[in-house]
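Presented below is the structure to which this report refers.
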Amino acid sequence: MSGTTPQPSGSRTRSWWGWGWTDAHPDDAECVAMGAMLPGTLSRPLPVPEVRDLGIADPAVAPPRSLSGLVSADPGDRAAHAMGKAYRDVIRALRGRPGRVPDLVARPTDEAGVADLLDWAGDRQIAVIPYGGGSSVTGGVEYRGDAHRAVLSLDLTAMGRVLEVDTESRSARIQAGALGPSLENQLRPHGLTLRHFPQSFEFSTLGGWLATRAGGHYATGRTHIDDFVQSTRVVTPAGTSASWRLPASGAGPSPDRLFLGSEGALGVITEAWVRLQERPRHKASASVAFADLHDALRAVRALAQSDLSPANCRLLDAGEAALSGAAQDGSAVLVLGFESADGPVTGRLERAVDLARSHGGRHEGASGRGGGGDDSAVGAWRSAFLRMPYLRDGLARMGAVAETFETAATWDRIPGLIDAVRTEVSEAALKATGHPATVNCRLTHVYPDGAAPYFTVLAAGRPGDEVAFWDDLKSVANEVLHRHRATITHHHAVGRDHRPGYDRQRPEPFALALRAAKTALDPRGILNPGVLVD
């Protein structure tokens with residue numbers, strides 16, 4: 001079936017310096033009110049930054065006439081592609097220190113354009129930073145250093161079409177630049193969905209998900225984009241890699257696995273065949289409260305090791321539950337959700353609630369289609385989940401640290417890991433600022449053998465020195481993760497910020513092979529320098 005044209009995103013304006021839409025940011029009064037809840041913050045918010053104040057220099061290079069139609073040198077365009085959307089990116093923009101701004105932004109419309117841009121950049125030693133939606137929170141879409149004469153941000157969003165839909169095999173061929181909402185809108189007429197919804201869904205692309213091995217919203221089953229991939233096409237300086245479209249294969253190491261998680265360091269993903277599902281018609285959700293977090297952890301482990309496979313199985317500790325409005329009485333809250341395209345899910349929800357109750361949980365109602373009632377905790381969590389990135393930026397304007405990091409470990413390590421992170425990061429913040437910090441935790445994804453804890457840190461900053469302060473706290477957290485043999489990232493990718501932890505985590509023979517692959521595929525070293533390998 002032939003492809004369709006992506007729908008326009010509307011007239012709203014993306015923020016060049018912060019998360020999401022400019023009209024959704026907290027105003028000054030809301031920023032001040034949030035800052036008042038954290039001792040040691042600024043008395044008034046930092047002003048919203050303006051591109052004209054950055055003093056962006058003229059580009060160091062100009063494209064040849066044959067490529068000029070694909071390339072922009074507009075200062076606003078360049079500023080918007082200079083960084084991702086991590087806390088350290090937001091505060092650098094607020095302080096007028098975005099780092100190396102790309103000289104040019106290119107938007108190819110097909111694979112030939114990608115290949116031509118890579119050839120030109122390679123001939124002139126121009127660093128190429130592949131760019132999807134720009135939602136990286138680990139320094140994955142910025143250039144650091146001075147080894148290249150110029151920097152080109154390669155924006156794939158002009159390649160955003162669903163090219164083919166195979167309803168018989170329930171799969172689709174999709175260009176890498178398709179943003180989440182556009183991708184789903186193009187699949188909707190076929191009654192199908194990719195069913196991959198990261199928190200960044202509105203502002204991230206299929207290619208970005210593939211390049212970072214992104215995790216979606218769903219807590220069990222197909223949690224990562226890896227699970228949906230049939231085949232990929234990748235343009236590298238050494239040629240184009242096109243794997244066969246297959247349901248499964250045992251033919252040696254998978255070529256797709258080489259590029260999944262490669263973060264643009266080995267090639268530019270241009271399209272992929274992905275597995276689809278029927279759109280769910282039956283949904284039900286509920287929340288269960290626990291007086292003790294460790295009882296809640298045991299309940300979640302029992303659920304993960306059952307055959308129930310909840311779509312959502314998100315455990316909020318007491319602090320996270322209070323922050324989201326899910327509970328204010330010191331309880332931990334388990335948010336459960338089930339969905340299906342085939343039939344009612346209320347029976348599975350009831351079994352899950354009973355299992356949670358057997359571990360000390362308290363349940364008062366359910367919500368959702370077929371759920372049998374309203375559950376305010378579920379709604380409160382969902383609203384807070386979507387709003388949180390905007391609130392983080394508002395707190396950043398008050399000079400506070402408001403950021404997250406995530407990991408994964410086996411169940412035997414989870415309780416000790418959570419306790420150690422909360423204790424040691426809190427102590428480090430108190431020592432550095434003289435003010436207590438809040439370190440909350442939730443489980444975002446659960447597996448039979450382990451879980452993915454996701455931590456939120458709220459702390460008074462060090463005015464003018466916020467980036468270094470956050471880096472210090474993150475270093476403390478990373479040491480705890482390493483000590484507990486927890487991964488440096490479960491779904492946020494390595495980027496540049498996680499590179500030291502990744503270097504310690506990966507086996508040296510694998511690092512040797514990865515460096516060899518980098519040399520073979522990118523012999524001039526132009527693709528996302530500093531990511532994954534040197």
Side-chain angles (χ1 to χ4, degrees), residues 16-17 49 51-64 67 71-106 117-131 134 136-155 211 236-237 262-268 464-468 470-472 474-475 493-503 511 514-515 518-519 521-534:
W16 74 267
W17 64 271
V51 172
R52 63 174 176 266
D53 296 330
L54 298 179
I56 297 175
D58 291 337
V61 293
L67 297 176
V71 175
S72 166
D74 176 75
D77 210 4
R78 294 164 60 195
H81 287 75
M83 299 179 296
K85 300 302 181 186
Y87 168 80
R88 67 191 321 275
D89 303 326
V90 170
I91 200 69
R92 286 156 61 201
L94 288 168
R95 294 292 186 183
R97 300 192 291 264
R100 177 79 176 264
V101 175
D103 295 88
L104 300 168
V105 176
L117 286 161
L118 292 186
D119 287 344
W120 171 66
D123 289 342
R124 287 155 181 78
Q125 197 56 20
I126 298 170
V128 178
I129 314 297
Y131 189 100
S136 170
V137 292
T138 59
V141 293
E142 67 176 270
Y143 180 84
R144 296 179 189 171
D146 56 7
H148 296 79
R149 65 179 294 202
V151 178
L152 174 73
S153 179
L154 186 64
D155 186 319
T236 81
S262 63
E263 301 192 34
L266 302 180
V268 180
D465 195 30
E466 295 93 348
V467 171
W470 169 245
D471 287 348
D472 290 345
K474 192 68 161 59
S475 294
V494 175
R496 290 165 178 82
D497 296 345
H498 286 158
R499 176 68 189 278
Y502 178 65
D503 286 352
L514 188 59
R515 285 191 287 268
K518 173 72 170 178
T519 299
L521 296 173
D522 181 25
R524 297 174 180 177
I526 63 169
L527 283 173
N528 220 359
V531 167
L532 298 183
V533 293
D534 293 323

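Hydrogens, waters and symmetry mates are skipped; everything else that's a heavy atom, side chains included, is used.
Y87 pairs by the side-chain hydrogen bond (donor to acceptor under 3.5 Å, both in side chains) definition with nothing, not counting sequence neighbours. Partners of R124 under the side-chain hydrogen bond (donor to acceptor under 3.5 Å, both in side chains) rule, at least two apart in sequence or in another chain, do not exist in this structure. For D123, the side-chain hydrogen bond (donor to acceptor under 3.5 Å, both in side chains) criterion is met by R524, not counting sequence neighbours. Shown here are the salt bridge (charged side-chain N to carboxylate O under 4.0 Å, His left out) partners of R52, two or more places apart in sequence or in another chain: E50. For D119, there are no side-chain hydrogen bond (donor to acceptor under 3.5 Å, both in side chains) partners two or more places apart in sequence or in a different chain. Here H498 pairs with nothing under the ring-ring contact (aromatic ring centres under 6.0 Å, His included) rule; sequence neighbours left out. Listed by chain and number, the residues in a side chain to side chain contact (heavy atoms under 4.5 Å, CB included) with A511 are R506, E508, R515 (sequence neighbours excluded). With sequence neighbours left out, the salt bridge (charged side-chain N to carboxylate O under 4.0 Å, His left out) criterion links D53 to no other residue. Judged as a salt bridge (charged side-chain N to carboxylate O under 4.0 Å, His left out), and not counting sequence neighbours, the contacts of K518 are D522.
Residues S153 and Y143 are not in side-chain contact: their nearest non-hydrogen atoms beyond the backbone lie 4.5 Å or more apart. Looking at I129 and P529, their side chains come closer than 4.5 Å, going by heavy atoms from C-beta outward. L154 places a side-chain heavy atom less than 4.5 Å from the side chain of L117.
Pairs of residues two or more places apart, or lying in two chains, that qualify as salt bridge (charged side-chain N to carboxylate O under 4.0 Å, His left out) and include a residue from residues 73-86 are D77-R107. Residue pairs meeting the salt bridge (charged side-chain N to carboxylate O under 4.0 Å, His left out) criterion with at least one member in residues 138-147, sequence neighbours excluded: R92-E142, E142-R144, R144-D497. Pairs engaging residues 93-105 under the salt bridge (charged side-chain N to carboxylate O under 4.0 Å, His left out) rule: R95-E466, R100-D103 [sequence neighbours left out].
Here CD1 of I526 is found 9.0 Å from CG of L152. Values are rounded to the nearest 0.5 Å. Taking OG1 of T236 as the start and CG of L118 as the end, the distance is 8.0 Å to the nearest 0.5 Å.
Checked options V494, V531, T138, V533; the residue passing with Y502 is V494 (criterion: side-chain contact (heavy atoms from CB on, under 4.5 Å)).
Using cut-offs of 30° and 60° for the angle between ring planes, the H81 and Y131 rings count as tilted.
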